[in-house]
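Protein chains get the first letters and strands the later ones, always in sequence-line order, with residue 1 at the start of each.
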Amino acid sequence: MLEARLPQAKLLKSLLEAIKELVVECNFDCNDSGIAVQAMDSSHVALVALLLRADGFDPYRCDRNLPLGINLTSLNKILKCAGNEDILTIKASDDGDVLNLVFESKDSDRISEYELKLMDIDSEHLGIPDTQYDAVVSMSSGEFQRICRDLSQISDSIVIDVTKEGIKFSASGEVGNGSVTLKQSGSVDREDEATTIELQQAVSLTFSLKYFQYFTKATPLSSRVVLSMSNDVPILVEYKLDNLGYVRYYLAPKIGD
Amino acid sequence: IGTQRSIDTFFDPT
């Protein structure tokens, strides 16, 4: 069986916001080390990988592998019934077909209990190799969100060029073109806004902006985002969750003309 | 610009 408790329901709400535009239904794979999700979007262009480590919950108990097939639209409906500051406990039995969710107000004078129907989901699991990327850029997640939003006014594609000088995002469309360059910043007072670049070799990649805009739904989860890139392979866009795990998105590039 | 590739052409099923 599974029992996992989070001090704030807000976290699960935010995680759901971060993936529900991409994925409609997926398995939450629970085992003794934590809860993992891997799912592709319906067009098989992007993949989301989520990890919530057991030690991020208090308490956490799961004694065997338990795949929980969840429709995210349905889960979202139930999570709307939770207060952001509520203590959240999820429970599932080994052979059950429901997920129990308990929302408890901080002073414990209001307890609400919901059951979400689970489903059998036959999903393909992909092996993601450990990759040494040619360019790894760490930047403000809010800045990344703004760049994606701004350049989506110009085009539905974005070109990312990384050199040792900086990272340049550019778009070209019917109205004209635009670009935003962030220079590597060594001496920024506010650490959250610094841009750091680890570069083995320069990269230039083109992506669909629509997916980046889905990814930036994860912005409330972390002040930083890390973009890992090599030419002609999927970009990894990672938001780290404090003491809990991560949300990673992989997006296949556009190639050639 | 360019042809959109599929993610599952890069990662193999396990």
(message) Is it the case that atom NZ in A:K20 sees more than 12 heavy atoms from other parts of the structure closer than 6.0 Å?
(response) yes
(message) Is a donor from one side chain sitting under 3.5 angstrom from an acceptor on the other, for B:T14 and A:H125?
(response) yes
(request) Compare every heavy atom of A:V45 with every heavy atom of B:R5, then report the nearest pair and how far apart it is. (result) O-CG2, 4.1 Å
(message) Tell me whether A:D120 at atom CG has more than 12 heavy atoms from other residues, nucleotides or ligands lying less than 6.0 Å away.
(response) no
(request) Establish, yes or no, whether a centroid distance under 6.0 Å links the rings of A:Y250 and B:F10. (result) no
(message) To the closest 0.5 Å, what do you measure between OG1 (B:T3) and CD1 (A:I255)?
(response) 8.5 Å
(request) Return yes when atom NZ of A:K217 has more than 12 non-hydrogen atoms of other residues, nucleotides or ligands closer than 6.0 Å, and no otherwise. (result) no
(request) Taking all non-hydrogen atoms of both residues into account, name the closest pair between A:E124 and B:P13 and its distance. (result) OE2-CG, 3.3 Å
(message) So does A:A252 get a backbone contact from the side chain of B:Q4, meaning a donor-acceptor N/O pair under 3.5 Å?
(response) yes
(request) Determine the option with the most heavy-atom pairs under 4.5 angstrom with chain B, choosing from A:P129, A:P234, A:S208. (result) A:P234
(message) Need one label for B:D12: side chain, backbone, both or neither, based on atoms under 4.5 Å from any heavy atom in chain A.
(response) backbone
(request) Report the distance from atom CG of B:D8 to atom NE2 of A:H44, rounding to the nearest 0.5 Å. (result) 5.5 Å
